[in-house]
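Below: the structure, in structure tokens.
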Amino acid sequence: MTHPHHGKGLTLGMAAAYRIKVQGCLCESWSDRLSGLSIISNHPADQAPVTILEGRLRDQAELIGVLNNLYELRLPLLFVEFVKTE
């Protein structure tokens with residue numbers, strides 16, 4: 001199987017920073033289980049709580065691992081954002 005590479009863009013094996021937003025509350029103590037991402041929870045009035053995870057991941061396989069953990073915790077994804085390559 002070939003792995004296409006499109007110039008200087010992001011590749012599957014490249015380290016990068018991401019921002020992930022989920023609906024629900026997640027304690028900061030989960031950071032170690034979520035690849036060391038920083039965790040900030042917000043409880044806006046009259047709205048569902050929201051948690052933002054940010055940080056650097058080694059590659060997209062590690063990103064998928066984080067997303068799978070969030071799925072297993074039943075936290076609906078609101079968005080996943082690529083921030084920058086490292």
(request) With sequence neighbours excluded, tell me which residues meet side chain to side chain contact (heavy atoms under 4.5 Å, CB included) with Leu77. (result) Ile20, Val22, Leu67, Leu70, Val80
(request) Group every Ile, Leu, Val, Met, Phe, Trp and Tyr by side-chain heavy-atom contacts under 4.5 Å, then state whether Met14 and Val83 land in the same group. (result) no
(request) Provide the closest heavy-atom pair for Val66 versus Leu37 in the form atom of the first, atom of the second, distance. (result) CG1-CD1, 3.9 Å
(message) Just verifying a value: how many Å separate Glu81 CD and Glu54 CD, rounded to the nearest 0.5 Å?
(response) 8.5 Å
(request) Flag yes if Tyr18 and Leu78 sit in one hydrophobic cluster, no otherwise; membership is Ile, Leu, Val, Met, Phe, Trp, Tyr, and two members link when side-chain heavy atoms are under 4.5 Å apart. (result) no
(request) Grab the two heavy atoms, one from Leu10 and one from Ala16, that are nearest each other, plus how far apart they are. (result) CD1-CB, 4.1 Å
(message) Checking the side chain of Ser41 only, and the main-chain atoms of Cys25 only, is there a donor and an acceptor separated by less than 3.5 Å?
(response) no
(message) Hydrophobic cluster membership, with links at side-chain heavy-atom distances under 4.5 Å among I/L/V/M/F/W/Y: are Tyr71 and Leu57 in one?
(response) no
(request) Can you spot which of Arg58, Arg56, Glu62 makes a side-chain hydrogen bond (donor to acceptor under 3.5 Å, both in side chains) with Ser35? (result) Glu62
(request) Could you tell me the separation between the CZ atom of Arg19 and the CZ atom of Phe79, rounded to the nearest 0.5 Å? (result) 6.0 Å
(message) On a heavy-atom basis, which atom in Leu12 and which in Asp59 lie closest, and how many Å separate them?
(response) O-CB, 3.3 Å
(request) Find the distance between OG1 (Thr51) and CD (Glu28) and round it off to the nearest 0.5 Å. (result) 10.0 Å
(message) Once rounded to the nearest 0.5 Å, what's the spacing between atom CH2 of Trp30 and atom CD1 of Ile39?
(response) 9.0 Å
(request) Report yes or no: does Asn69 contribute a side-chain atom to a donor-acceptor pair with the main-chain N or O of Arg33 at less than 3.5 Å? (result) yes
